[in-house]
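In what follows, a structure is listed as structure tokens, so that the remarks can point back to it.
Keep in mind it's a predicted model, so treat the numbers as computed, not measured. A note on names: the letters A, B, ... follow the listed sequences, proteins ahead of strands, and every chain is numbered from 1.
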Amino acid sequence: MGPHDRVLITAALPYANGNLHVGHIGGSYLPADTYARYCRSAGREVLFICGSDDHGVPATLTARTEGCTPREVVTRYHEAQVKDFQGLGIRFDIYGSTSSPQHAAASQEFFLRVHRNGFLEKRRTKQLYDAQAGIFLPDRYVTGTCPFCGQSALGDQCEHCGKDQDALELIAPRSAITGSVPQVRETTHWYFRQDLLEGKLREWLAAKESWRAPVQNFALGMLKQGLKSRAITRDLSWGVPVPLPEDPDAEGKVLYVWFDAPIGYVTFTADLLEERGQARERYADWWKNPEVPIYHFIGEDNIVFHALMWPAMLMAEGTFQLPANVVANCFVNFQFPGHDEEKMSKSRGTAVWIHEYLRDGDPDPLRYYLTFIAPEAQRTAFKPDDLARRTNDELVGTFGNFIHRTLTFAARYFDGKVPEPGIPVAEAEEVQTHLKALPRLVGVELDAFRLKSAMGMVMDLARMGNRFFDYQAPWKQRKEDPARCATTLHTCLHIVKALAILSEPFMPFTSEKAAGFLGLSAGERGWAAAATPLEAGRPLGAAEPLFRKIE
RNA sequence: GGCGGCGUAGCUCAGCUGGUAGAGCAGCGGAAUCAUAAUCCGUAGGUCCGGGGUCCGAAUCCCUGCGCCGCUACCA
């Protein structure tokens with residue numbers, strides 16, 4: 001058993017205004033699912049939480065374009081995302097929605113506590129307003145000319161000179177939504193005084209020893225520059241209403257998505273417990289219990305929020321514990337053969353969409369490949385050729401082949417049963433020794449979130465199996481030394497069992513099939529069971545190829 | 001501009017707190033035939049981006065130059 005008996009794992013909330021591509025999966029959902037599966041296999045009590053982030057401007061714009069309601073937009077994408085996750089075996093305990101009434105209530109309560117604790121400040125500001133669309137424009141929806149370099153720029157930042165912009169300073173501003181000339185209007189917003197928490201945040205972050213360096217460095221670097229208080233309300237109709245009924249300024253305002261979204265993790269935890277017949281309030285057993293580590297899996301773009309703003313929110317609220325780790329991956333770029341690496345992009349057609357992949361692709365090879373190229377420390381690129389090569393060489397050739405050759409051999413020459421080990425053989429004992437230690441070794445890597453390394457150890461086991469099989473040459477031993485042959489197969493079957501169990505976090509569908517060949521019941525598939533061999537006489541099922549070649 | 005990252009074999013990358021360069025794939029040579037021709041063995045291949053410094057000793061620490069990249073607060 002690992003360091004903790006109970007863990008709370010979250011994966012970044014996908015925005016419910018688009019489909020998922022391999023970058024999303026590799027960056028956040030797959031690592032989170034892999035870790036969650038490992039924890040479950042190791043016997044820990046796990047809550048694996050995710051859901052769609054339904055609020056925000058883009059959903060309202062999509063709705064406007066399509067002539068439907070934001071609700072319809074987010075429902076459609078929410079369902080599409082659920083399908084994608086299921087197809088890939090990403091198994092959340094709950095996939096909630098931030099547009100639920102429960103979430104609104106939870107966010108409002110959180111807001112009020114932060115307010116009462118003195119971390120909110122009301123300010124009157126000027127902002128650009130699109131009269132034609134009838135909405136205040138977020139900075140990035142304003143285009144114009146950069147006052148610094150004279151080139152065209154967006155309202156939040158100039159791409160040419162890199163300077164931060166104040167949308168109000170842009171020359172000849174236009175609304176990116178309607179193209180009309182925006183008006184300057186006054187409005188009131190509530191600002192979150194995260195700057196008051198800089199010292200506490202720095203102290204908390206600096207003490208983290210096991211965080212990935214890029215995450216910690218990045219967050220500490222931001223702190224060095226100083227946090228700005230940040231508006232956490234918006235003039236929109238789609239979102240969680242600001243819960244200050246006695247204040248006329250609050251009318252028609254909602255919470256900023258990045259304020260309500262992370263609270264979604266808490267809401268969904270309560271939703272899940274309710275589903276399981278417990279009181280919603282029991283969420284506190286997880287969120288306010290220092291015995292339970294909370295791990296947030298996110299993409300690199302989210303570091304600011306999860307390592308700074310969200311912890312600041314939790315500190316300001318005052319009753320929650322802070323995340324134990326924020327596990328961030330970098331982006332995955334995309335590279336067609338013969339082309340330069342590019343960002344995943346909808347418009348340029350350089351994204352591999354999950355629903356398209358799943359039409360004729362198997363989930364496990366994608367999971368395997370994404371874990372192998374996982375950008376744990378730096379960006380990497382998704383290359384279709386590379387996916388095919390790794391599938392064919394490593395999954396078909398090494399992993400699948402070892403299991404298949406072992407099982408077909410046992411079926412043919414040992415009557416489809418696990419043989420009684422014959423005489424002791426030194427090499428077989430070495431394998432036993434290795435297998436005895438392996439679950440723990442792989443577990444150490446997983447608990448340190450070195451998923452690529454952990455999976456590499458599992459693949460190495462398959463290589464070891466092939467090497468052992470060839471070296472022993474049971475097809476020869478069978479005739480010359482049947483006792484040794486029995487030992488060989490007994491050992492190989494133990495390796496198959498270990499592969500079936502230890503590959504589960506990475507390739508759950510394959511693991512399920514392999515465990516089925518061995519007739520392993522759910523109770524026999526626990527992580528530590530990989531260390532012990534199959535008992536002699538156990539009947540084996542018929543093996544079939546675990547993977548098919550690509551192309 | 002500010003902050004950060006990367007540059008190791010033909011390719012993709014490992015190399016934690018400094019102690020004689022590693023893996024997979026591709027290449028070359030061989031073995032084997034139980035297996036989805038899937039496997040195994042052997043072999044070759046690197047002034048660890050350049051330059052300085054610290055040290056008995058640096059891919060590893062410090063400085064500097066070059067090249068690539070990211071973030072900069074609503075793209076995982």
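- For A:Tyr95, the ring-ring contact (aromatic ring centres under 6.0 Å, His included) partners at least two apart in sequence or on another chain are A:His78, A:Phe85, A:Phe92.
- Residue-nucleotide stacking is present for A:Trp475 and B:C34, judged by a side-chain ring centre under 5.5 Å from the six-membered base ring centre and planes under 30° apart.
- For A:Arg230, counting side-chain heavy atoms from C-beta on, the closest listed nucleotide (B:A73, B:C75, B:C34) is B:A73.
- One finds no side-chain N or O of A:Lys476 lying less than 4.0 angstrom from the OP1 or OP2 phosphate oxygen of B:C34.
- Among the atoms of the strands shown, only primed sugar atoms or phosphate atoms (P, OP1, OP2) are found under 4.0 Å from some heavy atom of A:Phe305.
- A:Ile303 comes within contact range of no nucleotide atom at all, as no heavy-atom separation falls under 4.0 Å.
- Neither OP1 nor OP2 of B:G24 sits under 4.0 Å from any side-chain N or O of A:Arg389.
- Of the residues in residues 462-470 of chain A, those lying under 4.0 Å from RNA chain B by heavy-atom distance are A:Arg463, A:Asn466, A:Arg467, A:Phe469, A:Asp470.
- When both distances must be under 3.5 Å, the Watson-Crick or G-U wobble mate of B:C6 is B:G67.
- At least one donor-acceptor pair closer than 3.5 Å links the side chain of A:Asn466 to the backbone N or O of A:Thr398.
- Proximity note for A:Asn302 (side chain, C-beta onward) versus B:A76, B:C34, B:U12: the nearest is B:A76.
- Here the nucleotide nearest the side chain of A:Ala12, chosen from B:A73, B:A76, B:C34, is B:A76.
- Applying the 6.0 Å contact sphere to NZ of A:Lys83 captures no more than 12 heavy atoms from other residues, nucleotides or ligands.
- Using a 4.0 Å heavy-atom criterion, one finds that A:Gly397 contacts the sugar-phosphate atoms exclusively.
- Side-chain atoms of A:Trp258 lie closest to B:C74 of the nucleotides B:C13, B:U33, B:C74.
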